Amino acid sequence: MAGKKIAAPKGVSEYFPPRSAAFEFVRDCLINPAKNAGYQLIELPVFEDTELFTRGVGESTDVVSKEMYTFLDRGDRSITLRPEGTAGVMRAVIEHGLDRGQLPAKLWYSGQFFRAERPQAGRYRQFYQVGIEAIGLDDAAIDAEVIAIADAGFKAIGLTQYRLDITSLGDAQSRAAHRVDLLNFIAKMNLDEATSARAAINPLRLFDDKRPEISKAMEDAPLLMNYLSESSRQHFEQVKKYLDVLGISYVLNPRMVRGLDYYTGTTFEFVHELLGAQSGIGGGGRYDGLMAELGGQALSGIGFGLGVDRALLAAQAEGVISQESFVSDLFIIPLGERAKEKALQIASALRAGGKIVEISFGDRALKGSMKGADKSGARYVVVLGDSEITSGTVEVKEMKTGATSSVKIDSLISAL
RNA sequence: GUGGACGUAGCUCAGCUGGUAGAGCACCCGGUUGUGGUCCGGGAUGUCGCGGGUUCGAGCCCCGUCGUUCACCCCA
């Protein structure tokens, strides 16, 4: 009869009481600024045709080449659990013509994402993200607004010990010009095999290498920032100006690298100071070629993904989440069968009126039920027995003060 | 995928040079009839991650495996 215990799959993040309340709080903090800015919900599948990611995110990226959960479904279709959100949103926008109305199309989403990496502090195989996408607008003001929305979410949580890194990856011409010089520079560097292989795929990656000898050598490497075309440069100047107007401080980081191939122009990253190696709590940027790459019209886009798990970790590291226990309005303790039935009726009436009501079932000892009421943080407690039912009156006890007062059962809702 | 640390009750952990398991918190019951938070008394709980080996005997030693964790790679 004793079955073997089944554990959760490796590396997933799970939230259960009491911490789940903090998770919910953090997630809502990150979502609300998007809603307040007029973004609308898009709810998408967690699995997609594998080709969406190989084409959209880029075959050469680590995410696609070694971190995807890919499998064949029963119809022999290659399916992949989504490793990020933007590609799926673009697919849906193109498929359902969401780009046919007034632009920009402004969408937000939240949910689980999947990457088959080795788990680590703040890095899970299933993780939660909140994201937004603004599609079809080139105005630099939207870049700043998108960044501001992310920033507002982190501020709503109460985070202060983080910084915003921004840079511009420029347009195609900017990057092509820079790439030639960068490859020449790297060719003189005498790298080990694995590293030069990475450099061949995307030379920008070397800017991100944490090994001291590499990062030292890269100090003199040519920066993409100095190769920006005139239009890219102007756009970026505008973004910075709008950020200044918004009072959002940022660090210009020309060595910043993002892991997804589709980024162009403005890119940014929020980095938390107390988090250890996986310190990115959110990031995003422009992806002006993605729509066309996926078969849609050539529209630009900008968006972000924010890590709910990491934001929660950051909030705990900063100690900004108040230990707010669950609080119900009323806790009813029925004594006896008749009282149990009455309690069910009272509770459903009060709940219909929007009150949070719990009933202590199971015929526990009164003392135990009272302890349960205490633990739940209930504001009021009512003990319901035969005498209360016949009199139609209960003693309502306020848990914080211990004071009681008589209330007609029928007028409980107004008394609470 | 690579490397280090760890894996004992629900949680946090103790367990000396190998001799068949403990504390605190939490939980349950009680301290005279139906009112919590303090205090006192009592109680239940573990195949010591799993599998194998060494040994008269292993939670303590060895090997493997799974998991957790930290770092690299990479990223939210």
Side-chain angles (χ1 to χ4, degrees), chain A residues 2 4-13 16 18-19 26 30 57 61-67 82-86 110-131 150 154 194-195 197-198 201-202 205-206 208-211 214 256-260 269-272 275-284 304-314 331-336 339 360 362 364-378 380-388 394-404:
Chain A
K4 210 176 141 193
K5 276 190 197 165
I6 298 172
K10 185 185 180 82
V12 300
S13 64
F16 38 84
R19 202 158 93 102
V26 167
L30 295 178
V57 177
T61 61
D62 280 27
V63 168
V64 168
S65 64
K66 57 181 208 190
E67 294 170 3
R82 60 183 184 186
E84 60 93 55
T86 303
S110 77
Q112 298 90 331
F113 295 85
F114 308 85
R115 294 206 307 225
E117 304 174 88
R118 185 91 169 245
Q120 196 182 331
R123 190 174 71 186
Y124 307 101
R125 293 184 162 186
Q126 173 180 304
F127 56 99
Y128 288 78
Q129 260 183 230
V130 167
F154 294 131
T195 309
R198 270 197 302 136
I201 293 167
N202 183 353
R205 290 284 162 72
L206 288 197
D208 214 22
D209 203 303
K210 285 170 192 163
R211 287 171 295 185
I214 305 283
M256 190 174 89
V257 183
R258 306 240 71 220
L260 311 180
E269 215 166 70
F270 289 87
V271 181
H272 196 89
L275 241 39
Q278 311 306 322
S279 56
I281 53 177
F304 62 60
L306 311 180
V308 181
D309 310 273
R310 288 188 188 172
L312 174 57
L313 253 24
F331 195 97
I332 303 175
I333 301 173
L335 302 174
S360 176
R364 305 176 68 193
L366 180 60
K367 178 166 177 165
S369 289
M370 284 303 294
K371 282 184 91 166
D374 193 37
K375 287 275 158 52
S376 81
Y380 298 102
V381 171
V382 159
V383 175
L384 192 66
D386 288 335
S387 60
E388 283 81 4
V394 291
E395 291 295 313
V396 175
K397 178 168 185 173
E398 186 179 2
M399 291 301 274
K400 206 189 279 179
T401 62
T404 61

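It should be emphasised that the depicted structure is a prediction, and the values quoted were computed from it without experimental measurement. All chains are named by letter (A, B, ...) in the order of the sequence lines, taking the proteins before the strands, and each is independently numbered beginning at 1.
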Q: Pick the C1' atom in B/C40 and in B/C6, then give their distance to the nearest Å.
A: 39 Å

Q: Rounded to whole Å, how long is the line connecting atom OH of A/Tyr380 with atom C1' of B/G37?
A: 18 Å

Q: Considering every strand and a 4.0 Å limit on heavy-atom distances, what is the contact class for A/Glu84: base, sugar-phosphate, or nothing?
A: nothing

Q: At less than 3.5 Å, do the side-chain atoms of A/Arg123 and the base atoms of B/C70 form a donor-acceptor pair?
A: no

Q: Using purine N1 to pyrimidine N3 plus N6-O4 or O6-N4 for Watson-Crick, or N1-O2 and O6-N3 for G-U wobble, each under 3.5 Å, what pairs with B/C60?
A: none

Q: Answer whether the closest heavy-atom distance between the side chains of A/Gln278 and A/Leu313 falls below 4.5 Å.
A: no

Q: Hey, does A/Ser369 reach any base, or is it just sugar-phosphate, or nothing, if we go heavy atoms under 4.0 Å?
A: nothing

Q: Taking atom C1' of B/C25 as reference, at what distance in whole Å does atom NZ of A/Lys375 sit?
A: 11 Å

Q: Please state how far atom CG in A/Leu306 lies from atom P in B/A76, giving the value in whole angstrom units.
A: 10 Å

Q: Taking atom P in both B/U54 and B/U12, what distance in whole Å separates the two?
A: 35 Å

Q: Just verifying a value: how many Å separate A/Gln112 CD and A/Ser13 OG, rounded to the nearest 0.5 Å?
A: 8.5 Å

Q: Does B/C72 have a Watson-Crick or wobble mate here (both distances under 3.5 Å), and if so which one?
A: B/G1

Q: Below 4.0 angstrom from OP1 or OP2 of B/G34, is there any side-chain N or O of A/Lys367?
A: no

Q: Atom CG of A/Leu366 and atom C1' of B/C28: how far apart are they, to the nearest Å?
A: 16 Å

Q: Under the criterion of centre distance below 5.5 Å and interplanar angle below 30°, is A/Phe113 classified as stacked on the base of B/A76?
A: no

Q: Would you mind classifying the nucleic acid contact of A/Ala373 as base, sugar-phosphate or nothing, using non-hydrogen atoms under 4.0 angstrom?
A: nothing

Q: As an exercise, state the distance from CZ of A/Arg205 to CZ of A/Arg258, rounded to the nearest 0.5 Å.
A: 11.0 Å

Q: Grab the CZ-P distance between A/Phe154 and B/A76 for me, whole Å please.
A: 11 Å

Q: What integer number of Å spans the C1' atoms of B/G19 and B/G52?
A: 22 Å

Q: Can you tell me how far C1' in B/A44 sits from the matching atom in B/A26, rounded to whole Å?
A: 13 Å

Q: With a cut-off of less than 4.0 Å, is there a side-chain N or O of A/Arg258 near OP1 or OP2 of B/A76?
A: yes

Q: Under 4.0 Å, heavy atoms only, any strand: does A/Arg364 hit a base, just the sugar-phosphate, or nothing?
A: sugar-phosphate

Q: Take the protein atom CZ of A/Phe114 and the nucleotide atom P of B/A76, then report the distance between them rounded to whole Å.
A: 16 Å

Q: Which base sits across from B/U12 as a Watson-Crick or G-U pair, both distances under 3.5 Å?
A: B/A23

Q: If each of A/Arg205 and A/Lys400 is mapped to the nucleotide of RNA chain B with the nearest heavy atom, which maps nearer the 5' terminus, i.e. the 5' end?
A: A/Lys400

Q: Would you classify A/Gly276 as touching base, sugar-phosphate or nothing, given that sugar-phosphate means primed atoms plus P, OP1 and OP2, and contacts are heavy atoms under 4.0 Å?
A: sugar-phosphate

Q: Would you state whether a donor and an acceptor, one from the side chain of A/Glu117 and one from the base of B/A76, lie under 3.5 Å apart?
A: yes

Q: Distance from A/Thr61 atom OG1 to A/Glu67 atom CD, nearest 0.5 Å?
A: 8.0 Å

Q: With distance as the sole criterion, do the side chain of A/Glu388 and the base of B/G34 form a donor-acceptor contact below 3.5 Å?
A: yes

Q: Output the distance between atom CZ (A/Arg125) and atom CZ (A/Arg115), rounded to the nearest 0.5 Å.
A: 13.0 Å

Q: Using a cut-off of 4.0 Å on non-hydrogen atoms, how would the nucleic acid contact of A/Tyr124 be classed: base, sugar-phosphate, or nothing?
A: base

Q: What integer number of Å spans the C1' atoms of B/U8 and B/G15?
A: 9 Å

Q: Mind checking who B/G18 pairs with, Watson-Crick or G-U wobble, both distances under 3.5 Å?
A: none

Q: A/Arg118 has a side chain; which of B/C27, B/A76, B/A71 sits nearest to it?
A: B/A71

Q: Is there a side-chain contact between A/Met256 and A/Glu269, using heavy atoms and a 4.5 Å cut-off?
A: yes

Q: Just checking A/Gly131: base, sugar-phosphate only, or nothing, at a heavy-atom cut-off of under 4.0 Å?
A: nothing

Q: Hey, does the side chain of A/Gln120 come within less than 4.0 Å of B/C70's phosphate (OP1/OP2), counting only N and O?
A: no

Q: Write down the partner of B/U45 under the Watson-Crick or G-U wobble criteria, each distance required to be under 3.5 Å.
A: none

Q: Now, which nucleotide makes the Watson-Crick or G-U wobble pair with B/U35, with each of the two distances under 3.5 Å?
A: none

Q: On a plain distance test, is the side chain of A/Asp374 in donor-acceptor contact with the base of B/G37 below 3.5 Å?
A: no

Q: Can you tell me the pairing partner of B/U54 across any strand shown, Watson-Crick or G-U wobble, with both distances under 3.5 angstrom?
A: none

Q: Using the P atom as the reference point in each nucleotide, state the distance between B/G7 and B/C16 in Å, no decimals.
A: 12 Å

Q: Of all the choices, B/A71, B/U35, B/A76, which nucleotide is nearest to the side chain of A/Glu395 once you look at every atom?
A: B/U35

Q: Need the pair for B/C6. Rule: Watson-Crick or G-U wobble, both distances under 3.5 Å, any strand; none if unpaired.
A: B/G67

Q: I'd like to check A/Tyr128 versus A/Ser110 (side-chain heavy atoms, cut-off strictly below 4.5 Å). Are they in contact?
A: no

Q: Within less than 4.0 Å of OP1 or OP2 of B/G67, is there a side-chain N or O belonging to A/Lys10?
A: yes

Q: Expressed as a whole number of Å, how far does the P atom of B/G51 sit from that of B/U38?
A: 41 Å

Q: B/G34, B/C72, B/G36: which one has an atom nearest the side-chain heavy atoms of A/Ser387?
A: B/G34

Q: Below 3.5 Å, does any donor atom in the side chain of A/Lys397 face an acceptor in the base of B/G36, or the other way round?
A: yes

Q: OG/A/Ser360 to CG/A/Leu384 distance, rounded to the nearest 0.5 angstrom?
A: 12.0 Å

Q: Expressed as a whole number of angstroms, how long is the span from A/Lys371:NZ to B/U35:C1'?
A: 14 Å

Q: Assign A/Leu335 to base, sugar-phosphate, or nothing according to its heavy-atom contacts below 4.0 angstrom with the strands shown.
A: base

Q: Can you find a pair of side-chain heavy atoms, one from A/Val381 and one from A/Met399, that are under 4.5 Å apart?
A: yes

Q: Rounding to an integer number of angstrom, what distance separates B/G31 and B/G10 when you compare their P atoms?
A: 29 Å

Q: How close or far is atom P of B/G34 from atom CD1 of A/Ile333, stated in whole angstroms?
A: 12 Å

